[in-house]
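Please read the structure below before turning to the comments.
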Amino acid sequence: MSGALINLSYLAASALFVFCLKGLSHPRTAVRGNLLGALGMLLAVAVTLLDRQIVSFEVIFAGILFGSAVGAAFAVKVPMTAMPQMVALFNGFGGGASVLVAGASFLETIAAGSPPPARFLVAVSLTALIGAVTFFGSLVAFGKLQGLITENAVVFRGQQAVNAAIGLVCVVLGGWLVTTPWEPASYLALAGVASVLGVLLVIPIGGADMPVVIALLNSYSGLAGAATGFVLDNNVLIIAGSLVGASGIILTRIMCIAMNRSLGNVLFGIGGTVGTGPVPGEEIYEGKVKSASPEEVAMLFDTARRASIVPGYGMAVSQAQHAVRDLANLLESRGVEVEFAIHPVAGRMPGHMNVLLAEANIPYDKLKEMDEANSGFAQTDIALVIGANDVVNPMARTDPDGPIAGMPILDVDKARTVVVVKRSLSPGFAGIPNPLFAAGNTLMLFGDGKKMILELITALKEF
Amino acid sequence: MSGALINLSYLAASALFVFCLKGLSHPRTAVRGNLLGALGMLLAVAVTLLDRQIVSFEVIFAGILFGSAVGAAFAVKVPMTAMPQMVALFNGFGGGASVLVAGASFLETIAAGSPPPARFLVAVSLTALIGAVTFFGSLVAFGKLQGLITENAVVFRGQQAVNAAIGLVCVVLGGWLVTTPWEPASYLALAGVASVLGVLLVIPIGGADMPVVIALLNSYSGLAGAATGFVLDNNVLIIAGSLVGASGIILTRIMCIAMNRSLGNVLFGIGGTVGTGPVPGEEIYEGKVKSASPEEVAMLFDTARRASIVPGYGMAVSQAQHAVRDLANLLESRGVEVEFAIHPVAGRMPGHMNVLLAEANIPYDKLKEMDEANSGFAQTDIALVIGANDVVNPMARTDPDGPIAGMPILDVDKARTVVVVKRSLSPGFAGIPNPLFAAGNTLMLFGDGKKMILELITALKEF
Amino acid sequence: MEGLIASLTIFVLAIFVGFEVITKVPPTLHTPLMSGSNAISGITLVGALLSAGHQHTLLTTILGFVAVVFATVNVVGGFLVTHRMLGMFQRKEDR
Amino acid sequence: MEGLIASLTIFVLAIFVGFEVITKVPPTLHTPLMSGSNAISGITLVGALLSAGHQHTLLTTILGFVAVVFATVNVVGGFLVTHRMLGMFQRKEDR
Ligand SMILES: NC(=O)c1ccc[n+]([C@@H]2O[C@H](COP(=O)([O-])OP(=O)(O)OC[C@H]3O[C@@H](n4cnc5c(N)ncnc54)[C@H](OP(=O)(O)O)[C@@H]3O)[C@@H](O)[C@H]2O)c1
Ligand SMILES: NC(=O)c1ccc[n+]([C@@H]2O[C@H](COP(=O)([O-])OP(=O)(O)OC[C@H]3O[C@@H](n4cnc5c(N)ncnc54)[C@H](OP(=O)(O)O)[C@@H]3O)[C@@H](O)[C@H]2O)c1
């Protein structure tokens, strides 16, 4: 009966996870949703612990304490701008956990001597494969985003072939594991090779594509969890795993669509070649770039009636969100109508800009999504682009075979005047020059995002 | 293994059912969705048949052939206007089937001698209860809508008490069945009493509230199916049953909200007293009602620029939808802008009017939902009300304690002129007089809906 | 017991799916939804078959037979009638 | 085998629920969604516990321990960070 009780609690936990995700459908209910999710997790864990009065109880407990400490430390310390790599890291841990779990239960079962059922072995090898790929893939992604290893794509000839080969090896090893279950080595081998695969799959992908990779790995770790569930015949694992798997896949699709690139292309196509240093844009910029001082820009704002602020990855890098908030408030106090135009893939992960601006207390009804924003630029006096580049690059419309060809962009060039805040003319993640900077109605405000905004504010205050 | 194959097919069938309902989220995909659903059913049935090479195969086959014949006959014959009772009837059959199923498997198990597990018995009694209530409840609903028994609410003092008592008896009998499983009588008793309950629960409800009842019974039959699934430990039954249960409950809520009445109120409150014959409206109508001839109305239309047609239950009764279509086309050919204003509970089931107008080939972008329609009436020259009454009754706004108090209505009285087509001044389902008929800008066109529309058309053609 | 829990889990998940999917159905299609979901409820036919299958006694055979008939009426009738209704909306699409 | 089918059914249904629910999440909340769903994926912790539980050998105990640590980091970190992010949106609500 206790068994039934436990399973009921697992069921309740699963339901809580669903409510968690349902809650995320609106900012108002999101916090509660997240708490429900945490509650579900707590329930599942607590029940499992109660379920097993066991020697290694202390071990487990130590593990949980230690893990919580580390996790909490990370979570509280990380700056909002470092979210992408944080998610990547956590995600990796998830994957790692499932490899170890599968490994442990595999070793146990064979230690117990009884020949494990084929289904168990299949699920074990799946878990090992997915889990290891997730773990190392995520670590590489983390390294790239954190700048521990080169942001650039590491590409070498025949890469695909090599990966394919390794993948094949994994399959073979999996077969070995299933057919000769008494051989622990098989598991180690599989996990090992899968780890290599995980690394090789991610290094060829440019840093800016990491969010896609992370989302994908996230869905993998979900599937790994589900696979574990099949191994242990545990429903909450299966359900939670599938939920995560679904969300990861959906987010991946959203990003790919917003960048107008196929997933394949991200994983081993152009995705590999972008970010490999700037393409010289001389012929485009040649003497056409007009640079301005904060004072001149301030003057422009003095006469403006409607301004729209277009944040990009650069705002995240320079942590300019609070400065931007102050600027917006100042402008509004001067009777300028201010709104924010958010491109779906501005920044480095979906909703990246929304989070930063939310951090700076900007009410989210001020944040316009792409289509709404684009319909407004024609009536906008000043479009202030802060550290955005690709998402405002007209080449997406004009150059049919560039890396961002066909990617829907924010048509800031329709505004009467465009002010672009960035440190140089160097390209964004797509590694291509941006004709916008040379456009007749564009003024460049060169410098660090935050610094420039602050100077702009002081300049404005001086009138 | 074959067992697994069968279960896989059941899983596939379940998935098909989900896709069926997903398909219904848009007219374009709806037909395909419905076919997928049928396919799923076919799969489930075929597999089940293959599963059991059994003596009574012929019996089953005969049953299926016979059933299909009957079902098909009904489905092809029934006029669109009789949808509500059709659904009720089918629904009843569904419920009946599950009672019989549960009964059969109960008898078998006890015949087999082995003491059945408690869970089985609980599920059996649940199925018996829900199934029987659904069966007889639906039949009564059918009878009322088809006019076989009085549309009116059959109410007697202490009704609730009686029902409660009977409900209690059912519970007791259920307990008996669970505790003394070797006693077939227990099942018969339970099913019998539940049947009585089914009848008593529905007769006190007025004919016009039947759609709510049907939706509710529909969800019951779904739950009965799910319960059967628990009995037979069969997933496709559980899944399909829950899907149906959910849909029924949601539809019920929608209707109640649209009528601004609580479910309880529908099931045993005012729901019982409405429709019990017209409330005399003399003082309201007294000499204020202006009746017009088709010719006069035709003249009005000749000068109109914008007309909106408000269909109601009367259009269904008089089968006027095709005539209405012709009228609309004629008016448009004369340059009158025509649109249809659809109240969510116009007619006798949700979407009733939409189906009828669709039958008459009226493109569905012409059908405006309540809010949109209401915002338009002020600019409407003529609101042509065809067999609608309660849904255009201003009392909903004015009289705070009438049966339809607070029910959102179509504000036709905001139109420059209102023309109401109905046979008399007799009230609609809510059984209350309608001040609209006595309003200054209202003309009554007394007569059968279809006849009047046709005369109106001829009159229009005569100029 | 295990089995019951599994069934329960499936039940809960199915309810979730049902609510999510059905809340997306527009008012226009509520009547077809009603008859369609009703047809699906005819899945009890499978139950009918399963239990009519064993046929220990004449009684259960008869019960089974009638159950099959009832359920089939519900299924076939339901899907056909829904198809008829939807066909009308369809024609609209084309014009 | 039965068990596997049940698991499979649950898997399929959960996928349906996932897709339905998650497609409703607005872009604004995509980052929290990412970290939140990530935290949920830490459910492998339960798996970790279940298998660390039996502890036949020292090796499995160690594996189990590390697994528990990893999974806990994922869970606690994930939910906390999500909470932080959402807190910001929340403040917006109030003003
Ligand atoms: N959001 C997502 O989910 C996602 C996922 C995958 C890929 N991506 C890709 O990421 C890109 C995002 O576009 P984006 O326009 O937001 O960013 P971007 O195209 O990467 O451009 C960022 C710009 O910010 C400038 N910058 C960097 N640090 C700065 C600082 N401290 N102060 C001021 N400016 C600074 C850089 O120019 P300087 O060096 O001259 O300052 C750079 O040109 C898109 O190409 C998108 O496809 C996004
Ligand atoms: N749609 C749903 O889902 C649903 C569910 C439950 C309850 N209801 C209730 O049903 C009512 C629907 O409102 P409604 O305005 O559509 O209908 P109604 O209020 O019932 O009125 C229908 C009117 O049509 C007239 N009529 C009947 N046969 C006619 C014919 N052959 N030719 C011309 N007119 C004819 C009747 O007046 P004469 O007898 O004088 O002709 C009657 O007044 C609402 O009260 C609603 O709450 C609807």
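Below, chains carry the letters A, B, ... as their sequence lines are ordered, and counting in each starts from 1.
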What's the spacing between [X] [atom1] and [Y] [atom2] if we round to 0.5 Å?
| X | Y | atom1 | atom2 | result |
| --- | --- | --- | --- | --- |
| D:Phe16 | A:Ser242 | CZ | OG | 12.0 Å |
| D:Met85 | A:Leu356 | CE | CG | 10.0 Å |
| A:Met86 | D:Ser35 | CE | OG | 10.5 Å |
| A:Asn34 | D:Thr82 | CG | OG1 | 5.0 Å |
| A:Ile254 | D:His30 | CD1 | NE2 | 3.5 Å |
| A:Leu11 | D:Ile10 | CG | CD1 | 8.5 Å |

Report yes if some heavy atom in the side chain of [X] is under 4.5 Å from a heavy atom in the side chain of [Y]; otherwise report no.
| X | Y | answer |
| --- | --- | --- |
| A:Val244 | D:Asn38 | no |
| A:Leu21 | D:Leu33 | yes |
| A:Leu24 | D:Leu86 | yes |
| A:Phe230 | D:Leu8 | yes |
| A:Val355 | D:Pro32 | yes |
| A:Phe61 | D:Val68 | no |
| A:Asn354 | D:Thr31 | no |
| D:Val46 | A:Asn234 | yes |

Problem set entry | Interface moiety of D:Ala39 toward chain A, non-hydrogen atoms closer than 4.5 Å |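 D:Ala39 touches chain A through backbone heavy atoms alone.
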Exercise. Checking heavy atoms, do the side chain of D:Val75, its backbone, both or neither come under 4.5 Å from chain A?
Worked result: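 When you check distances to chain A, only side chain atoms of D:Val75 fall under 4.5 Å.
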Considering all heavy atoms, the nearest [X]-[Y] contact:
| X | Y | result |
| --- | --- | --- |
| A:Val78 | D:Arg84 | O-NH1, 2.7 Å |
| A:Ala30 | D:Leu29 | CB-CD1, 4.2 Å |
| D:Val73 | A:Gly67 | CG2-O, 3.6 Å |
| D:Ile43 | A:Ala44 | CD1-CB, 4.0 Å |
| A:Ile238 | D:Ser7 | CD1-CB, 3.5 Å |

If we define contacts as heavy-atom pairs under 4.5 Å, which of [options] has the most with chain D?
| options | answer |
| --- | --- |
| A:Leu243, A:Leu65, A:Leu251 | A:Leu251 |
| A:Thr127, A:Thr228, A:Ile342, A:Leu237 | A:Leu237 |
| A:Ala72, A:Gly222, A:Gly225 | A:Ala72 |
| A:Ser68, A:Ser221, A:Ser98 | A:Ser68 |
| A:Ala73, A:Ala97, A:Gly248, A:Gly241 | A:Ala97 |
| A:Val18, A:Asn218, A:Ile214 | A:Asn218 |

Region of [X] that comes under 4.5 Å of a non-hydrogen atom in chain D:
| X | answer |
| --- | --- |
| A:Phe106 | neither |
| A:Lys77 | backbone |
| A:Ala62 | both |

Exercise. Stepwise, does the ring-ring contact (aromatic ring centres under 6.0 Å, His included) test hold for D:Phe65 with A:Phe66?
Worked result: CA-CA 10 Å; D:Phe65 175 76; A:Phe66 184 57; 7.1 Å; no
Exercise. Are D:Val69 and A:Val70 close enough, and set up right, to give a side-chain contact (heavy atoms from CB on, under 4.5 Å), and what steps lead you there?
Worked result: CA-CA 9 Å; D:Val69 174; A:Val70 178; 5.6 Å; no
Exercise. Can any side-chain N or O of D:Asn74 pair as donor or acceptor with the backbone N or O of A:Gly92 at less than 3.5 Å?
Worked result: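 No; zero donor-acceptor contacts below 3.5 Å.
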Tell me, out of [options], who's got the most heavy-atom pairs with chain A below 4.5 Å.
| options | result |
| --- | --- |
| D:Val12, D:Leu13, D:Leu80 | D:Leu80 |
| D:Ser37, D:Gly18, D:Gly78 | D:Ser37 |
| D:Ile40, D:Val76, D:Leu63 | D:Ile40 |

